[in-house]
2 protein chains.
Amino acid sequence: MSPAPRTTRQRTAVADLLSRVDGFRSAQELHELLRREGASVGLTTVYRHVQALADAGEVDVLRHEDGEAVYRRCASPAHHHHLVCRACGRSVEIEGPAVERWTSQVAAEHGFTDVQHTLEVFGTCADCA
Amino acid sequence: MSPAPRTTRQRTAVADLLSRVDGFRSAQELHELLRREGASVGLTTVYRHVQALADAGEVDVLRHEDGEAVYRRCASPAHHHHLVCRACGRSVEIEGPAVERWTSQVAAEHGFTDVQHTLEVFGTCADCA
DNA sequence: CAGCAACTGACAACCGTTGTCAAAACCAGG
DNA sequence: CCTGGTTTTGACAACGGTTGTCAGTTGCTG
C-alpha cells in the first residue's frame with residue numbers, strides 16, 4: 001500500500017536541516033538555507049519532503065498571517081502548542097491540559113463533535129525585545 | 001490622518017451581506033453571493049472592503065487549512081474565539097477567560113512580551129453530523 | 001453646482017504552492 | 001558488480017488567492 005520512502009540525499013538533507021534549525025521555517029527559507037550550505041535541493045523537492053514529514057506527524061505546520069505555511073521539527077509527537085517569537089521565529093513547545101479540557105467541553109455544550117483546535121501564541125522573546 | 005471612508009453602494013452591500021450571513025465566508029464567496037443578489041460588486045472591491053472591515057476590527061479573519069482567508073461579522077468587538085463547523089461554516093462565538101490568563105502566564109514565564117494568541121475550535125455541528 | 005479627492009473594477013502582476021514529465025538515482029535480484 | 005524497474009528529482013508551467021494599476025466614475029464639500 002504505502003511503499004517505504006527511499007533514503008536519498010535530498011530527503012536526508014531536508015530532515016537534517018529541520019533538526020538543526022530552531023523555530024518555524026517556510027519551505028522557501030529551507031530551500032534557500034540548503035542552497036547556501038551547498039547541499040542544493042530543488043524547491044519542488046523541498047515542498048514534497050516537508051509535506052511528507054508533516055503528513056507523518058514528524059513536523060508541525062503553522063500558517064503565518066499572510067497564509068504562508070511554516071514548518072518545525074517537534075520534540076514530542078504528542079499534541080502540543082507553540083509560543084513563537086514574531087521577530088526571530090524561535091519557538092517553545094507548550095502544553096495546556098486546561099485548554100484541551102475547556103475546548104472539548106465548550107464544543108460538547110454546543111453539540112459539536114469531532115472536535116479539533118488550533119492554538120498558537122505569538123510574542124516577542126527576551127532577546128528580540 | 002485617516003479620512004473617513006465614503007458610504008458607497010458597494011461598501012454598504014458588503015457590510016450588509018456580512019451582517020446577514022452567518023458563518024465564515026471567503027472574499028470570493030461574498031463576491032459570488034452579491035452577484036447572485038444582483039448587487040454586483042467587483043471582486044477587487046470586495047477584497048478591499050473586507051480588509052478594511054478587518055482592519056477596523058469589525059469582522060474577524062480566519063485562515064482555512066489551505067490558506068484561504070475567511071471573514072465573519074462578529075457580535076462583540078471584544079476579543080473572543082470561535083467554534084466553527086467544518087461542514088457548513090456555521091460558527092459560535094466563545095469566550096475563555098481561563099485561556100487568556102493561561103497564555104499570558106505561560107508567555108511571561110518564557111520571557112515573551114507583546115503577547116497575542118490565536119485559538120479556533122473546529123468540529124461538526126449537530127445538524128451536519 | 002463645480003471640482004477634487006476617494007472609490008471602483010477590469011485587468012495584469014504576484015507569490016506560494018502544486019502538477020508535469022523526462023532525466024537521474026536508488027535498490028533489488030541476478 | 002551489473003542491470004532493470006521503480007521511485008525520486010527538479011526545471012518548468014500552471015494554478016488560485018490576493019494585491020497592484022490606472023483610467024473612468026462617484027461622493028462630498030465648498
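Throughout, protein chains are lettered first and strands after them, A, B, ... in sequence-line order, and every chain is numbered starting at 1.
The main-chain N or O of B/Asp22 is never found under 3.5 Å from a side-chain atom of B/Arg90 such that the two would form a donor-acceptor pair. Side chain of A/Arg72 to main chain of A/Ser91: a donor-acceptor pair is present (N/O by atom type, distance under 3.5 Å, no hydrogens or angles).
Atom CD of A/Gln10 and atom C1' of D/dT7 are 12 Å apart (whole Å). In this structure, CZ of A/Arg35 is placed 14 Å from C1' of D/dT9, rounded to the nearest angstrom.
When every heavy atom of A/Arg25 is checked against every heavy atom of A/Val21, the shortest pair comes out as CG-CG2, 4.0 Å. Smallest separation of non-hydrogen atoms from A/Ser26 and A/Val70: N-CG1, 3.8 Å. Taking each heavy atom of B/Val59 and B/Leu18 in turn, the nearest pair found is CG1-CD1, 3.9 Å. A/Glu93 and A/Ser76 make their closest contact through OE1-N, 3.8 Å (heavy atoms, listed as atom of the first residue, atom of the second, distance). The shortest non-hydrogen separation linking A/Gly67 to A/Arg63 is O-NH1, 2.5 Å. Counting all heavy atoms, side chain and backbone alike, A/Ser40 lies closest to A/Arg9 at O-NH1, 3.3 Å.
Side-chain atoms of A/Asp60 and A/Phe24, non-hydrogen and from C-beta on, do get closer than 4.5 Å to each other. With a 4.5 Å cut-off on side-chain heavy atoms, A/Ile94 and B/Trp102 count as touching.
In the model, B/Gln28 has no side-chain atom that pairs as donor or acceptor with a side-chain atom of B/Glu32 under 3.5 Å.
Between A/His49 and D/dT8 there is no side-chain polar atom (N or O) within less than 4.0 angstrom of OP1 or OP2.
Note: A/His117 and A/His81 have tilted aromatic rings, judged against thresholds of 30 and 60 degrees for the angle between ring planes.
The environment of B/His80 atom NE2 is dense: over 12 non-hydrogen atoms of other residues, nucleotides or ligands sit within 6.0 angstrom. By the neighbour-count criterion of 12 heavy atoms within 6.0 Å, atom CD of B/Glu37 is densely surrounded, having more than that number from other residues, nucleotides or ligands.
Looking at residues 55-74 of chain A, you'll see A/Glu68, A/Ala69 sit with a heavy atom under 4.0 Å from some atom of DNA chain C. Contacts between residues 36-48 of chain A and DNA chain D, defined by a heavy-atom separation under 4.0 Å, are made by A/Val41, A/Gly42, A/Thr44, A/Thr45, A/Arg48. Listed in residue order, the members of residues 22-32 of chain A having a heavy atom less than 4.0 Å from DNA chain D come to none.
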When you check every protein heavy atom under 4.0 Å of nucleotides 24-30 of chain D, what one-letter string (B, S, -) results, 5' to 3'? --BBS--
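The overall bend of the helix from C/dC1-D/dG30 to C/dG30-D/dC1, read as the angle between its terminal helix axes built from five base pairs each, is 30° when rounded to 10 degrees.
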Side-chain atoms of residues 119-129 of chain B: list all donor-acceptor pairs with protein atoms under 3.5 Å, sequence neighbours left out, distances to 0.1 Å.
unit_1	atom_1	unit_2	atom_2	d
B/Glu120	OE1	B/His82	N	3.3
B/Thr124	OG1	B/Arg86	NH1	3.3

